[in-house]
Amino acid sequence: MTDKPDPTRFAHVRDWVFDLDNTLYPHHTNLFSQIDVKMTAYVSELLQMNKEDARKLQKELYLQYGTTLSGLMARHNIDSDDFLQKVHDIDYSWLAPDPALGEAIKALPGRKFIFTNGNRGHAERTAQQLGILDHFDDIFDIVAADLTPKPAQQTYDRFVELHKIVGSDAVMFEDLARNLVVPKALGMTTVLIVPRNFEPTFSEIWEKDPAFDDAVDFVTDDLADFLTTLAPKS
């Protein structure tokens, strides 16, 4: 499903901000499941736990600290570079190039950013595989955020200050409604990306957050189609 947007509602937008995982590529691709498995293995090896207990702890850390990495740093003082390198060592061939999305992003007026809780290398490899990397002005990753993940207020503040973004002139696309609360408060238009036909992959069932629906202006399960509707007509 897609809320077909009125292009006049986006005519003011000069900064287009996109989350990466499960936003710039469809949920059903399930690329993030590889990272999820790698994180479980990392926790298991680090703490000498079986996979079942490691996965349970991994999700507890995510819910309490925003990312598994933040939780492991807080509780076990791990090396963030080692973690990021190991969990993003995945097979990007799962992603099919998306020329329609590339053309839709390219046609948007103004600046385009990737804003992710992953690292820059992962974002670059993902966007390169999709064929859309060259359409972005910058990538704001977890390292640029000083390892403080979305949805922390200070992470958005850091991003906005770095790129001199005026909230009322920006829009943010995200697959997690909780990550749209601060952008909405900053005056941004917000768009939630949902799985096709609202069918989540196995790894996302525990991530549901309907309590944050008030932070969502628009909903779509087809980002390329949504953006194409907004592109200026020549």
Side-chain angles (χ1 to χ4, degrees), residues 18-96 114-127 129-130 141-143 145-152 155 173-181 192-213 215 221:
F18 298 86
D19 175 50
L20 178 71
D21 292 305
N22 297 324
T23 296
L24 285 174
Y25 59 84
H27 287 67
H28 61 76
T29 302
N30 213 15
L31 183 72
F32 192 77
S33 67
Q34 292 188 61
I35 300 172
D36 199 43
V37 169
K38 295 269 188 178
M39 288 193 289
T40 300
Y42 189 99
V43 173
S44 176
E45 181 178 351
L46 176 72
L47 301 177
Q48 296 299 294
M49 304 172 72
N50 63 48
K51 293 295 176 63
E52 183 178 341
D53 289 341
R55 182 164 179 78
K56 181 180 179 181
L57 176 60
Q58 175 195 342
K59 298 312 174 186
E60 289 175 357
L61 294 173
Y62 173 87
L63 292 172
Q64 181 176 351
Y65 295 94
T67 62
T68 303
L69 170 59
S70 293
L72 290 174
M73 290 180 64
R75 294 190 186 181
H76 303 285
N77 196 31
I78 68 163
D79 178 355
S80 60
D81 290 337
D82 179 65
F83 176 89
L84 291 169
Q85 180 179 355
K86 287 179 177 175
V87 304
H88 291 116
D89 181 19
I90 61 173
D91 179 6
Y92 290 90
S93 69
W94 285 26
L95 292 176
I114 294 174
F115 184 178
T116 177
N117 279 346
N119 68 354
R120 177 178 285 270
H122 170 57
E124 289 177 343
R125 291 188 293 272
T126 300
Q129 179 69 16
L130 290 169
D141 73 341
I142 191 66
V143 177
D146 199 25
L147 302 177
T148 302
K150 295 178 289 183
T155 296
F173 300 83
E174 258 281 356
D175 70 303
L176 294 176
R178 70 174 70 99
N179 289 348
L180 291 173
V181 172
L192 182 68
I193 311 299
V194 297
R196 296 284 168 88
N197 301 316
F198 288 103
E199 296 177 2
T201 59
F202 77 93
S203 63
E204 295 165 313
I205 294 172
W206 56 272
E207 289 188 332
K208 292 296 185 182
D209 48 6
F212 302 104
D213 285 351
D221 66 355

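Only heavy atoms go into these numbers, but all of them, side chains included; no hydrogens, no water, no symmetry mates. Predicted model only: the values in this text are computed from it and were never measured.
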### Any side-chain heavy-atom pair of Asn179 and Asp19 under 4.5 Å
no
### Query
With a 4.5 Å heavy-atom cut-off, do Ser70 and Leu147 have their side chains touching?
no
### Message
I'd like to check the salt bridge (Lys or Arg N to Asp or Glu O under 4.0 Å) partners of Lys86; sequence neighbours left out, ordered by chain and number.
### Response
Asp82
### Task
Under the side chain to side chain donor-acceptor pair (under 3.5 Å) rule, collect the residues that match up with Gln34, sequence neighbours excluded.
none
### Query
Between the side chain of Thr116 and the main-chain N/O of Gly118, is any donor-acceptor distance below 3.5 Å?
yes
### Query
Can any side-chain N or O of Asp146 pair as donor or acceptor with the backbone N or O of Thr148 at less than 3.5 Å?
no
### Between Asp36 and Gln58, a side-chain donor and acceptor under 3.5 Å
yes
### Task
May I ask you to check whether over 12 heavy atoms, not counting those of Gln85, lie within 6.0 Å of atom CD?
no
### Message
Would you say Asp91 and Ser93 are linked by a side-chain donor-acceptor pair, where the criterion is simply a distance under 3.5 Å?
### Response
yes
### Task
Compare every heavy atom of Ala127 with every heavy atom of Ile114, then report the nearest pair and how far apart it is.
CD1-CB, 4.2 Å
### Task
Indicate yes or no: at least one non-hydrogen side-chain atom of Tyr42 is less than 4.5 angstrom from one of Ile78.
yes
### Task
Provide the closest heavy-atom pair for Ala145 versus Thr155 in the form atom of the first, atom of the second, distance.
CB-CG2, 3.6 Å
### Query
Side chains of His122 and Asp21: donor-acceptor distance under 3.5 Å anywhere?
yes
#### Entry: Minimum heavy-atom distance Gln129-Leu95, with the two atoms named
NE2-O, 2.8 Å
#### Entry: Atom of Leu130, atom of Leu24 and distance for their closest heavy-atom approach
CD1-O, 3.5 Å
### Task
Output all residues satisfying ring pair (Phe, Tyr, Trp, His ring centres under 6.0 Å) with Phe115, sequence neighbours left out; order by chain, then residue number.
Phe140, Tyr156, Phe159
### Query
Listed by chain and number, what are the side chain to side chain contact (heavy atoms under 4.5 Å, CB included) partners of Lys38, not counting sequence neighbours?
Val87, Asp89, Ile90
### Query
Tyr65: what forms a ring pair (Phe, Tyr, Trp, His ring centres under 6.0 Å) with it, not counting sequence neighbours?
none
### Task
Quick one: closest heavy-atom pair of Asp221 and Pro195, and the distance?
CB-O, 3.7 Å
### Side-chain donor or acceptor of Thr126 paired with backbone N/O of Ala123 under 3.5 Å
no
### Task
Go through the steps to decide whether His88 and Phe83 satisfy the test ring-ring contact (aromatic ring centres under 6.0 Å, His included), and finish with yes or no.
CA-CA 8 Å; His88 291 116; Phe83 176 89; 7.7 Å; no
### Query
Given side chains that start at C-beta, do those of Lys150 and Leu176 come closer than 4.5 Å, heavy atoms only?
no
### Query
Hey, does the side chain of Asp175 reach the backbone of Ile193 with a donor-acceptor pair shorter than 3.5 angstrom?
no
### Within residues 43-52 or reaching into it, pairs that qualify as side chain to side chain donor-acceptor pair (under 3.5 Å) - sequence neighbours excluded
Asn50-Asp53
